[in-house]
Amino acid sequence: MGTLTIELPPHQTQTAFNLRRWAELLANRELARFEGRIETDRHGQIIISPPPPPSHGSFQSEIAYLLRGFMPNGRTLTDCPISTADGVKAADVAWASPERMRELGDGVCFPQAPDICVEVVSPSNTEAELQEKMALYFDAGAREVWLCSASGAMSFFGPRAVRPLSISELCPQFPMQIELSPA
């Protein structure tokens with residue numbers, strides 16, 4: 001199989017377009033009726049994903065809860081829209097320092113990634129998709145990207161890390177394993 005390389009525009013070039021397009025989508029009442037996650041590609045085309053399984057939301061809420069407790073000086077967000085070189089992507093959980101929150105201002109989408117972007121891995125995610133999303137978040141300014149596996153195992157990555165970090169450098173007390181309480 002051949003290899004395809006796509007040249008993406010610089011993040012700053014794409015951001016103005018992404019912010020305009022995202023504002024249009026948020027104002028669209030018809031689109032608001034759809035269930036699931038909405039993201040865009042670099043052309044502004046809509047990408048809709050079906051709602052994830054309940055375990056995904058459980059991990060998402062537990063990670064957000066823990067982040068808020070360990071890092072109360074910033075803002076913890078879920079389904080956080082971020083302008084990237086390949087359109088607007090939504091991190092499952094994010095943590096933004098007060099400085100990044102000031103950059104957002106009254107905006108509807110982060111022009112620069114929050115400090116920490118977290119993806120809860122879904123069964124449909126491929127390794128290539130996860131690597132691409134991590135690269136987009138780092139290109140957009142994320143300081144760390146975390147992955148939560150289907151079993152709750154956490155992996156922490158820095159922008160130049162080839163392998164996962166042993167612990168998060170931004171939140172060293174964050175657990176390596178997310179435990180969900182029994183229903």
Side-chain angles (χ1 to χ4, degrees), residues 11 15 18-19 22 26 36-39 49 51-84 87-125 127 129-183:
H11 175 251
T15 294
N18 287 346
L19 297 179
W22 198 250
L26 288 179
R37 169 176 286 178
I38 296 175
E39 296 179 322
S49 302
S55 62
H56 186 280
S58 295
F59 283 122
Q60 191 177 6
S61 65
E62 188 65 21
I63 292 166
Y65 173 79
L66 290 168
L67 256 177
R68 187 174 179 192
F70 290 136
M71 300 182 75
N73 293 333
R75 174 85 49 92
T76 302
L77 309 126
T78 58
D79 296 319
C80 178
I82 302 163
S83 176
T84 74
V88 175
K89 306 303 176 197
D92 290 318
V93 182
W95 180 86
S97 63
E99 295 78 27
R100 297 279 168 105
M101 289 307 299
R102 278 193 290 282
E103 291 169 8
L104 173 63
D106 294 331
V108 295
C109 175
F110 274 84
Q112 181 179 13
D115 302 82
I116 299 172
C117 297
V118 184
E119 286 296 316
V120 177
V121 179
S122 299
S124 63
N125 290 133
E127 183 66 29
E129 287 173 320
L130 294 170
Q131 292 298 319
E132 182 178 303
K133 212 163 197 185
M134 287 175 51
L136 289 169
Y137 290 155
F138 283 129
D139 181 59
R143 294 173 58 202
E144 287 188 0
V145 175
W146 300 357
L147 299 179
C148 176
S149 74
S151 67
M154 296 296 297
S155 300
F156 309 103
F157 297 87
R160 287 169 278 297
V162 177
R163 294 191 179 109
L165 304 168
S166 57
I167 61 170
S168 166
E169 293 175 358
L170 298 177
C171 185
Q173 65 273 43
F174 202 88
M176 295 294 296
Q177 179 71 39
I178 302 299
E179 301 292 341
L180 299 178
S181 53

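Residues take their numbers from the sequence shown, with the count starting at 1.
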### Message
Run His56 and Asp92 through side chain to side chain contact (heavy atoms under 4.5 Å, CB included) and show every step you take.
### Response
CA-CA 9 Å; His56 186 280; Asp92 290 318; 3.2 Å; yes
[Y] side chain reached by [X] side chain, heavy atoms, under 4.5 Å:
X: Leu19; Y: Val108; answer: no
X: Glu119; Y: Cys148; answer: no
X: Cys80; Y: Phe110; answer: yes

Closest approach of [X] and [Y], non-hydrogen atoms and distance?
X: Pro114; Y: Trp95; value: CB-O, 3.4 Å
X: Pro98; Y: Gly74; value: CD-CA, 4.2 Å
X: Val120; Y: Asn125; value: O-OD1, 4.1 Å
X: Tyr137; Y: Cys117; value: CD1-CB, 3.6 Å
X: Phe70; Y: Cys171; value: CB-SG, 3.6 Å
X: Pro81; Y: Trp22; value: CB-NE1, 3.6 Å

Roughly how far apart are [X] [atom1] and [Y] [atom2], rounded to 0.5 Å?
X: Asn73; Y: Met71; atom1: CG; atom2: CE; result: 8.5 Å
X: Phe157; Y: Leu130; atom1: CZ; atom2: CG; result: 9.0 Å
X: Leu104; Y: Arg100; atom1: CG; atom2: CZ; result: 12.0 Å
X: Leu67; Y: Ser168; atom1: CG; atom2: OG; result: 8.0 Å
X: Ile82; Y: Asn18; atom1: CD1; atom2: CG; result: 11.5 Å
X: Glu179; Y: Leu66; atom1: CD; atom2: CG; result: 11.0 Å

### Task
Tell me, please, which residues at least two apart from Phe156 pass ring-ring contact (aromatic ring centres under 6.0 Å, His included).
Trp146
### Query
Given the rule in the side chain to side chain contact (heavy atoms under 4.5 Å, CB included) test, do Ile178 and Ile63 qualify, once you have shown the distances and angles that lead to the verdict?
CA-CA 8 Å; Ile178 302 299; Ile63 292 166; 4.1 Å; yes
### Query
Quick one: do Glu39 and Lys133 make a salt bridge, cutoff under 4.0 Å?
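A salt bridge links Glu39 with Lys133.
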### Query
Which salt bridge (charged side-chain N to carboxylate O under 4.0 Å, His left out) pairs, counting each pair once, include a residue from residues 72-81, with sequence neighbours left out?
Arg37-Asp79
### Message
Enumerate the salt bridge (charged side-chain N to carboxylate O under 4.0 Å, His left out) contacts for residues 142-170, please, sequence neighbours excluded, ordered by first and then second residue.
### Response
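Output for this query lists Asp115-Arg143.
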## Note on the structure
The single option from Gln112, His11, Lys89 that satisfies side-chain contact (heavy atoms from CB on, under 4.5 Å) with Ser83 is His11
### Task
Test Gln177 against Met154 for side chain to side chain contact (heavy atoms under 4.5 Å, CB included), laying out the working first.
CA-CA 6 Å; Gln177 179 71 39; Met154 296 296 297; over 6 Å; no
### Query
Between Ser124 and Ser122, is any side-chain donor less than 3.5 angstrom from a side-chain acceptor?
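Their side chains do not contain a donor-acceptor pair, so the 3.5 Å distance test is not met.
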